[in-house]
Amino acid sequence: MTPETPQKKVFIRTHGCQMNVYDSGRMADVLARDYATTDTPDDADLILLNTCHIREKASEKVYTELGLLRQFKDRGAAEGRTVTIGVTGCVAQAEGEEIARRARTVDLVVGPQSYQRLPEIVRAASGRRAPVEADFAAEEKFAALRETPPRKRGEVAAFLTVQEGCDKFCTFCVVPYTRGAEYSRPAPDLIVEATRLAEAGVRELTLLGQNVNAWHGEGPDGSPWGLARLLFRLAEIPGILRLRYTTSHPRDMDDALIAAHRDLPQLMPYLHLPVQAGSDRILRAMNRKHGVSDYLHLVDRIRAARPDMALSGDFIVGFPGETEADFAETLRLVETVTYASAFTFKYSPRPGTPAASLEQVPEDVKNERLYRLQALIAAQQAAFNRSRLGMEMDVLFDRPGKRPGQIAGRSPWQQTVHVPATPDIIGSVRRVAIDTIGTNTLSGVLADARVFEEAV
Ligand code: 5AD
Ligand code: SF4
């Protein structure tokens, strides 16, 4: 007998980082007994907004979207259906009470540490005023989620949250307040979850954490493990062909992790290593706990271990007190490191964080700096992509391409690669000869197929 398909439907809208993407998947998993997922709010009985609080623009979106979602609730009511609306994620954590007060549309508010209780919260919420669940108990959360196996989704690449929260307290950042203290999930749980994913067809795992390289745990013999040991262990799981991890703090790149980039072929040569700014004075004001030369030295060591390593980063322009000279040092750092890609942000004051109360840089200055930094990074990214022309590389194919007859995958450096091929290559790593560089994608032909065609 096949299990019954739930009659009710849930639509989950995800904003923000990859951890929210992972969390949304797990929310769908815990709700799966009562709700099937749908990719439109039109026919949903439950709508969840998984929100981001990292910058002002992101958190303001919640209130705008809630306004728009009201129509689905009203339409449902006109048809005699109850549509339940919930807010989850970091805005729920940080502004739970305010959301419940401001937005009459909202039936429930659930912070990131309470997702395991979603089914009961949803049941309790139908027809009542918004319960607000926002306490910190990462351990309880993951222990409960562990009991819920992920549904098969046919994904080739998947996220696995190994660490959550942050104790670094950069002065601009809300994460230590919204995601709580640093917590590492136990290694045995991660091995079980990774094995399940591999059995469901996953070939590439991206380990997630706000400070993923601070992950620490114990091996089966009780010995202390760092992220490098965990990566080696996960690489042994049959079916796992590729590993990545994000996002890292420079302070937590230990020798073992750098050596793993040299010794573990499954670990991809692409590292997101945010530095935020290129001036020692600003790094100190940001409480980053490292200077420019520490970062540059670290990058040298990583590249010595893995010469084809590509780096990406995060940068904030217009942090309070940033002068033109400070900003010029950020440009200089970017020129020295050369990035394959990077995220750039204007500083956004966040309530409750130390930097929010400092004197702010004017908006037009921030805009102008952002523009200059983005131009430099775009040029570096284009140069990096161009440097792949004529190269043969391994590509993990994970989906049909946009055009008929095309299959798309990822290069070791996170670039999208298209080849003419049949869907049977999805889920496998194949050699590709790159012959075209587009703005955002690379194209080529299967190198082994080409050899075959030349031979016949
Ligand atoms: N303003 C602008 N950018 C921020 N980030 C975090 N907090 C802020 C803020 N208040 C950026 C950092 C971080 C990334 C996830 O978001 O660059 O690495
Ligand atoms: Fe935020 Fe800094 Fe922690 Fe990263 S390391 S999550 S930027 S406080």
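Indexing begins at 1, ligand by ligand and atom by atom, following the structure's order.
- Taking each of Val175, Ile54, Thr353, Thr171 in turn, the one with a heavy atom nearest to atom 6 (C) of ligand 1 proves to be Ile54.
- More than 12 heavy atoms of other residues, nucleotides or ligands shown are found within 6.0 angstrom of CZ on Arg388.
- Shortest contact from atom 11 (C) of ligand 1 to any protein heavy atom: Arg55 NH1, 3.2 Å.
- Side-chain atoms of Asn211 and Glu182 include no donor-acceptor pair closer than 3.5 Å.
- The protein atom (non-hydrogen) at minimum distance from atom 1 (Fe) of ligand 2 is Cys173 SG, 2.3 Å.
- Of all the atoms in ligand 1, the ones that sit under 4.0 Å from a non-hydrogen atom of Ile316 are 3 (N), 4 (C), 5 (N), 12 (C), 17 (O).
- Scanning all protein heavy atoms for the shortest distance to atom 2 (C) of ligand 1 gives Lys346 O, 3.3 Å.
- Under a 4.0 angstrom heavy-atom cut-off, Met286 registers as lying outside contact with ligand 2.
- Taking every non-hydrogen atom of Phe169 and a distance limit under 4.0 Å, the qualifying atoms of ligand 2 come out as 8 (S).
- When each atom of ligand 1 is checked for a heavy atom of Ser348 under 4.0 Å away, the hits are 1 (N), 2 (C), 9 (C), 10 (N).
- Near His249, the atoms of ligand 2 lying under 4.0 angstrom from a non-hydrogen atom of the residue are 5 (S).
- If you run side-chain contact (heavy atoms from CB on, under 4.5 Å) between Trp215 and each of Leu257, Asp252, Leu190, only Leu190 comes through.
- Residue contact check: Pro176 has heavy atoms under 4.0 Å from atoms 8 (S) of ligand 2.
- Close approach to Gln276 involves these atoms of ligand 1, each under 4.0 Å from a residue heavy atom: 12 (C), 13 (C), 17 (O), 18 (O).
- Atom CD of Glu56 sits in a sparse spot, with 12 or fewer heavy atoms from other residues, nucleotides or ligands closer than 6.0 Å.
- Nearest protein neighbour of atom 3 (Fe) of ligand 2, counting heavy atoms only, is Cys166 SG, 2.2 Å.
- By the 4.5 Å heavy-atom criterion applied to side chains, Val174 and Thr353 are counted as neighbours.
- Atoms of ligand 2 found under 4.0 Å from any heavy atom of Phe172 (numbered from 1 in listed order, with element): 7 (S).
- Contact annotation: for Asn211 versus ligand 2, heavy atoms closer than 4.0 Å belong to the side chain alone.
- With respect to atom 2 (Fe) of ligand 2, the closest heavy atom belonging to the protein is Cys170 SG, 2.3 Å.
- Summarising the local packing, CZ of Phe169 is surrounded by more than 12 heavy atoms from other residues, nucleotides or ligands at distances under 6.0 Å.
- For Phe345 and Phe319, the ring centers are positioned 6.0 Å apart or more.
- The local environment of NZ in Lys57 is sparse, with at most 12 non-hydrogen atoms from other residues, nucleotides or ligands closer than 6.0 Å.
- Listed by number with element, the atoms of ligand 1 under 4.0 angstrom from any heavy atom of Asp314 are 13 (C), 14 (C), 15 (C), 17 (O), 18 (O).
- At a heavy-atom cutoff of 4.0 Å, ligand 1 is contacted by both the backbone and the side chain of Phe172.
- The only member of Val432, Thr441, Ile407 that meets side-chain contact (heavy atoms from CB on, under 4.5 Å) when paired with His418 is Thr441.
- The aromatic ring centroids of Tyr245 and His261 lie less than 6.0 Å from each other.
- To the nearest 0.5 angstrom, His249 atom NE2 is 5.0 Å from His290 atom NE2.
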